[in-house]
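Just so it is clear, the model here is predicted, and its values are computed rather than measured. Within every chain, numbering begins at 1; the chains are lettered A, B, ... in the order of the sequence lines, protein sequences first and strands thereafter.
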Amino acid sequence: MGQFQKRLIDWYDKNARVLPWRSSASPYQVLVSEFMLQQTQVDTVLPYYERFLEAFPNLEGLAAADEQEVLKLWEGLGYYRRALNLHRSARKVVECFDGKLPSNRDDLLKLPGVGPYTAAAIASIAFGEAVAAVDGNIRRVYARLFAVEGALGEKDTETKLQSLAADSLLRERPGDYNQALMDLGATVCLPRKPMCDSCPLFEVCLAFQKGLVAALPRRKPKPKVPHLTIVAAVLQDGEKVLIAQRAKGDLLGGMWEFPGGKLEKSDASMEAGLKREIMEELGVLIDVGEPFGVYKHAYTHYKITLHAFLARLKAGESLDKPHGEPETEVLAWVLPGDLINYPMGKVDRLIAEKVIAHNSINAQ
DNA sequence: TACACGTGGAC
DNA sequence: TGTCCAAGTGT
């Protein structure tokens with residue numbers, strides 16, 4: 001065993017975080033945890049993981065589940081395509097792998113939503129295959145340990161980091177070793193304030209020796225994100241409100257929203273823009289009423305300010321007889337008390353909560 | 001290769 | 001308040 005591998009695994013044996021998908025966890029539990037942990041920190045995942053495992057204790061249960069139920073359990077966690085892919089993966093395991101999760105990296109890679117990192121993580125952690133799982137933590141740790149100067153995301157850099165990980169892997173305990181590197185990255189070798197004082201590897205860390213810890217790993221500059229103005233309708237019919245299901249593949253695919261869209265420069269007003277969007281999406285004329293809140297939100301690649309309005313169908317309009325060819329296929333008139341059952345992104349959930357509060361006030 | 005894809009926490 | 005960043009994958 002190389003010098004730093006022993007130090008690292010000794011550190012891990014004393015300092016490993018206690019997590020519900022470690023020790024005595026089934027391969028299925030590792031699968032669920034790895035999907036949830038993609039681009040998401042441990043503390044955020046924990047409550048979602050517990051609820052998910054309670055609802056779907058095993059792979060067969062998940063495969064048999066309704067997609068909307070899976071999305072509802074994922075609500076708030078983000079990157080909802082992960083939930084759809086996890087669901088699809090469970091079904092593929094049942095159909096193509098006799099209900100048993102594949103035990104090697106190559107077969108795991110055949111599952112939707114399982115890429116190079118996740119396949120190696122499951123193979124090493126759940127099945128003991130000697131493969132390096134290289135995530136953001138591990139790339140940062142190796143970039144510092146070996147003073148890799150190239151920027152993350154560049155091909156040469158990524159190849160170098162993959163090679164370092166593969167060559168350094170502690171083949172006797174690949175799952176523990178991969179997780180030791182991730183724990184070190186998540187608790188000691190932090191992106192902004194690395195705690196070199198308490199690092200078991202500082203003596204062999206080239207970045208530490210060269211005074212480059214704060215500078216590495218280098219990153220490519222991020223593009224500025226555009227800011228959009230969105231208008232949305234709380235379309236009322238009696239006590240019910242209209243929600244629409246977003247198309248899969250798009251942002252928040254499979255989730256429900258209050259219909260609307262981007263305000264265009266050509267729109268004379270927000271009310272006019274909302275009428276235009278509703279005609280395009282639903283094929284009906286509406287009367288726009290009072291403003292119903294302003295919501296700011298930041299997605300990964302753009303920011304929005306959403307203006308919601310109360311609205312009603314114009315007299316004589318019906319969603320059953322739309323004008324033209326509306327873009328939205330799946331719609332539902334829902335009582336406020338039922339809105340909680342529909343998976344929604346953050347902003348639409350906030351609007352839904354206001355609708356529920358609004359309704360309970362009016363009911364008094 | 002570059003971009004789309006969510007949300008919350010740290011500073 | 002704004003920016004960065006997090007156990008990545010698919011296109």
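- When the side-chain nitrogen and oxygen atoms of A:Arg219 are compared with OP1 and OP2 of C:dA6, one or more of them lie within a distance under 4.0 Å.
- A:Thr118 comes within 4.0 angstrom of sugar-phosphate atoms only, judged by non-hydrogen atoms across all strands, and of no base.
- Under 3.5 Å, the side chain of A:Tyr117 and the base of C:dG8 form no donor-acceptor pair of N or O atoms.
- Ring geometry for A:Trp256 against A:Tyr342 counts as perpendicular: the plane angle is over 60°, on a 0 to 90° scale with 30° as the lower cut.
- The closest side-chain donor-acceptor pair between A:Glu172 and A:Tyr177, if any, does not fall under 3.5 angstrom.
- A donor-acceptor pair shorter than 3.5 Å cannot be found between the side chains of A:Arg82 and A:Asn85.
- Between the side chains of A:Thr229 and A:His307, no donor-acceptor pair of N or O atoms lies under 3.5 Å.
- Residue A:Val42 places its side chain closer to C:dA7 than to any other of C:dA7, C:dG10, C:dG8.
- In the model, A:Asp106 has no side-chain atom that pairs as donor or acceptor with a side-chain atom of A:Asn104 under 3.5 Å.
- The listed nucleotides are B:dC11, B:dC5, B:dT7; the one nearest the side chain of A:Lys346 is B:dT7.
- The nearest whole Å value for the distance from the CG atom in A:Leu84 to the P atom in C:dG8 is 19 Å.
- Both tests hold for A:Arg51 against A:Tyr48: distance to the six-membered ring centre under 6.0 Å, angle to the ring axis within 45°.
- Counting non-hydrogen atoms under 4.0 angstrom, A:Leu152 reaches nothing in the nucleic acid.
- Counting distance only, with no hydrogens placed and no angle test, the side-chain atoms of A:Thr300 and the base atoms of B:dG6 include a donor-acceptor pair under 3.5 Å.
- For the OP1/OP2 pair of C:dA7 and a distance below 4.0 Å, the side-chain nitrogens and oxygens of A:Arg139 include no atom meeting the criterion.
- Put simply, the side chain of A:Thr40 and the base of B:dG6 share a donor and an acceptor less than 3.5 Å apart.
- Using a 4.0 Å cut-off, no side-chain N or O of A:Thr44 falls inside it from OP1 or OP2 of C:dA6.
- Comparing C:dT9, B:dG6, C:dA7 by their closest approach to the side chain of A:Pro116 singles out C:dT9.
- A:Arg192 contributes a side-chain N or O that forms a donor-acceptor pair with the base of C:dC4 under 3.5 Å.
- Residue contacts shown for A:Pro223 are absent, as no nucleic acid heavy atom lies under 4.0 Å away.
- We find that CG of A:Leu86 is positioned 21 Å from P of B:dC5, with the value rounded to whole Å.
- Within 4.0 Å of A:Trp74, counting heavy atoms only, lies no atom of the nucleic acid at all.
- Nearest-nucleotide assignment on DNA chain B puts the 5′-proximal partner with A:Glu154, out of A:Arg81 and A:Glu154.
- Straight-line distance from the CG atom of A:Leu350 to the P atom of B:dG6: 16 Å, rounded to whole Å.
- Residue-level contact check: A:Arg246 touches neither bases nor backbone, having no heavy atom under 4.0 Å from any strand.
- Note on A:Lys220: a side-chain N or O is less than 4.0 Å away from OP1 or OP2 of B:dA2.
- Proximity of A:His301 to the phosphate of B:dC5: a side-chain N or O atom is located under 4.0 Å from OP1 or OP2.
- Backbone-only contact: A:Leu252 has heavy atoms under 4.0 Å from sugar-phosphate atoms and none from a base.
- The 5' end of DNA chain B is approached more closely, in terms of each residue's nearest nucleotide, by A:Gly153 than by the other of A:Gly153 and A:Val347.
- C:dG2 and B:dC5 have their P atoms separated by 23 Å, given to the nearest Å.
- In this structure, A:Arg17 and A:Leu109 both approach DNA chain C, and ranking their closest nucleotides by distance from the 5' end singles out A:Arg17.
- Here A:Ala133 lies out of heavy-atom contact (under 4.0 Å) with every strand.
- Between C:dA7 and B:dA2, the distance separating the two C1' atoms is 23 Å to the nearest Å.
- Rounded to an integer number of Å, the gap from CZ of A:Arg88 to C1' of C:dT9 is 12 Å.
- Note on A:His297: every side-chain N or O is 4.0 Å or more away from OP1 and OP2 of B:dG6.
- Between A:Phe52 and A:Tyr49, the ring centre distance reaches or exceeds 6.0 Å.
- Contact check, A:Lys303 against C:dT3: a side-chain N or O comes under 4.0 Å of OP1 or OP2.
- The side chain of A:Gln39 places an N or O atom within less than 4.0 Å of a non-bridging phosphate oxygen (OP1 or OP2) of C:dG8.
- Within 4.0 Å of A:Gly185, counting heavy atoms only, lies no atom of the nucleic acid at all.
- Contact between the side-chain N/O atoms of A:Tyr79 and the OP1/OP2 oxygens of B:dA4 is not found at any separation under 4.0 Å.
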